Number of protein chains: 2
Amino acid sequence: MKNESSTVENYIKTIYSLCDKNGKTTVSAVAERLQNNPASVSNMVRRLHEKGLLENKSKLILSKEGNLLARQLIRKHRLWETFLVRVLNFKWEEVHDIAEQLEHVHSPLLTERLPVFLEYPKFDPHGDPIPDKKGNLPDLNAIPLTEAEVDQLYIFRSVATDKSDFLNYLNKKGLQLGQKWKVTEKEEFDGSVKLLIDENREVYFSETVAQNF
Amino acid sequence: MKNESSTVENYIKTIYSLCDKNGKTTVSAVAERLQNNPASVSNMVRRLHEKGLLENKSKLILSKEGNLLARQLIRKHRLWETFLVRVLNFKWEEVHDIAEQLEHVHSPLLTERLPVFLEYPKFDPHGDPIPDKKGNLPDLNAIPLTEAEVDQLYIFRSVATDKSDFLNYLNKKGLQLGQKWKVTEKEEFDGSVKLLIDENREVYFSETVAQNF
DNA sequence: GTAAAATTTTAGATTAATCTAAATTATGAA
DNA sequence: TTCATAATTTAGATTAATCTAAAATTTTAC
Ligand SMILES: [Mn+2]
Ligand SMILES: [Mn+2]
Ligand SMILES: [Mn+2]
Ligand SMILES: [Mn+2]
């Protein structure tokens, strides 16, 4: 695994996370996500292909190497988040931005020893699975809140974003991983839901929030 | 404290470490140390001065802010080295290059919590003092091996470089911090010395090695 | 099946960080 | 003091990563 610049690494992670079921995405989607100009993305796509990180010159599909690089970055990111919460007593909403930097530290030895010390964690503080050394991810049968059936009991296993503003909102509402919940009401016209948490507390969520569950 | 690029941070650290008793150094010394062309250094010196990190436009003297930045980088570097050895079981010769990357991670919260977890270490794994939050360093009365008196007993407190090749050499010779030693012979013509370690083992050191003690 | 709209690419510029080669400035030994 | 050598700066180029504006291409809508 070569030592790519953090700019290149961030492009690869972004492309990975935006890929649809066919494994592809678009210049404009990447530009939007990175808040970069499409012209800049177009230029970078050419360079990523030259580095062998993209399958195709014109289509935005990760090559085998690109895919592995993405998964290894996600592995490092989630291991560091786990470390920060478990060892340095950070809160779950504090760790993402720091892990965005730490994931670019290049050291095979460090990447090997961090999970040993943490005793091979399988999930990060946001309930997201940590890819193994080879980049494999477990098959999760998690259901997004927007697809939950009314009155069916679920367990809160993960959040779909670990941005601090969203997590702070969950904290304010008293939501935590591991809680049991069910949807008691579902508004079709605006996608909002009413939840019963731990069988004793009611919370209302807008569709925007529900989508990140 | 603004968020400088790691290139700028590395220049500031280099200038700091090269400064003489008058607090100054030269373009050519920095170029030599960083293995850069003097023209590149000259160009960077102008930019560092524009950023307020150098006292003077033409003389290579750190400003108050430049000096503090350097000390805070050294603090982070040595805290990370301590963390790697104490927590992740790294050996003292393995940590410098990783700390060179970790010291550029910018997070006031992390810089605050790392020393709390480590219980405010005063020295790094190489015996080098860790500056406090404000950048203050303790006054050490350490004596370099080259200035040691013959037959006087000393304790091995620190090394002057933490590059892995030098530390591997010390490992091979069985040298460790905390050991007692005295110079039993000193060759004036080549600066080499003969040491008695822990009163039972003899080692010969060239002047090159002695200078890094 | 065209035409408008959206998307992508190209062209040209900019900034940080580097280089080589040339010009300038400083040092210092005779 | 003077002139050779050393140190530094300037000039011009290069590469990565970005931008804006314009051109080209693809998609969608009628
Ligand atoms: Mn994260
Ligand atoms: Mn996470
Ligand atoms: Mn070090
Ligand atoms: Mn050290």
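Remember, predicted model here, so these are calculated numbers, not experimental data. Quick note on labels: first sequence line is chain A, next is B, and so on, each numbered from 1.
- Counting to the nearest Å, the C1' atom of D:dT8 and the CE atom of B:M44 are 17 Å from each other.
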For nucleotides 24-27 of chain D, print each protein N/O atom paired with a nucleotide N/O atom at under 3.5 Å, atom names and distance only.
none

Below 3.5 Å is the cut-off: list the nitrogen or oxygen pairs between protein and nucleotides 19-24 of chain C, distance only.
{"unit_1": "C:dC19", "atom_1": "OP2", "unit_2": "B:N37", "atom_2": "N", "d": "3.0"}
{"unit_1": "C:dC19", "atom_1": "OP2", "unit_2": "B:S40", "atom_2": "OG", "d": "2.3"}
{"unit_1": "C:dT20", "atom_1": "OP2", "unit_2": "B:N37", "atom_2": "ND2", "d": "2.8"}

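- In this structure, the CZ atom of A:R46 is 13 Å from the P atom of D:dT18, given to the nearest Å.
- Listed by first then second residue, pairs satisfying side-chain hydrogen bond (donor to acceptor under 3.5 Å, both in side chains) with a partner in residues 57-67 of chain B read B:N56-B:S58, B:N67-B:R71, not counting sequence neighbours.
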In residues 37-44 of chain A, what donor-acceptor pairs under 3.5 Å come from side-chain atoms, sequence neighbours left out?
{"unit_1": "A:N37", "atom_1": "OD1", "unit_2": "A:A39", "atom_2": "N", "d": "2.9"}
{"unit_1": "A:N43", "atom_1": "OD1", "unit_2": "A:R46", "atom_2": "NH2", "d": "2.5"}

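- Partner A:E4 forms a side-chain hydrogen bond (donor to acceptor under 3.5 Å, both in side chains) with one of A:K51, A:H104, A:H106 and no other, that one being A:K51.
- Remark: A:T26, A:V27, A:S28 in residues 2-30 of chain A come within less than 4.0 Å of DNA chain C through at least one heavy atom.
- Judged as a side chain to side chain donor-acceptor pair (under 3.5 Å), and not counting sequence neighbours, B:E112 has no contacts.
- With sequence neighbours excluded, no residue satisfies salt bridge (Lys or Arg N to Asp or Glu O under 4.0 Å) with A:R75.
- Here D:dT8 presents its C1' atom at 16 Å from CG of B:L48, a figure rounded to the nearest Å.
- Residues satisfying the ring-ring contact (aromatic ring centres under 6.0 Å, His included) criterion with A:F166, sequence neighbours excluded, are absent altogether.
- Annotation: salt bridge (Lys or Arg N to Asp or Glu O under 4.0 Å) contacts of B:K163 (sequence neighbours excluded): none.
- If you take CG of B:N56 and P of D:dT9, they are 11 Å apart, rounded to a whole angstrom.
- Under the side chain to side chain donor-acceptor pair (under 3.5 Å) criterion, B:E187 pairs with no residue at all, not counting sequence neighbours.
- Of the listed residues (B:K91, B:E93, B:Q176), just one forms a side-chain hydrogen bond (donor to acceptor under 3.5 Å, both in side chains) with B:N171, and that residue is B:E93.
- Remark: P of D:dA7 and NZ of B:K59 are 19 Å apart, rounded to the nearest angstrom.
- In this structure, the side-chain contact (heavy atoms from CB on, under 4.5 Å) partners of A:L177, at least two apart in sequence or on a different chain, are A:W92, A:F156.
- Residues satisfying the side-chain contact (heavy atoms from CB on, under 4.5 Å) test with B:R157, not counting sequence neighbours, are B:I155.
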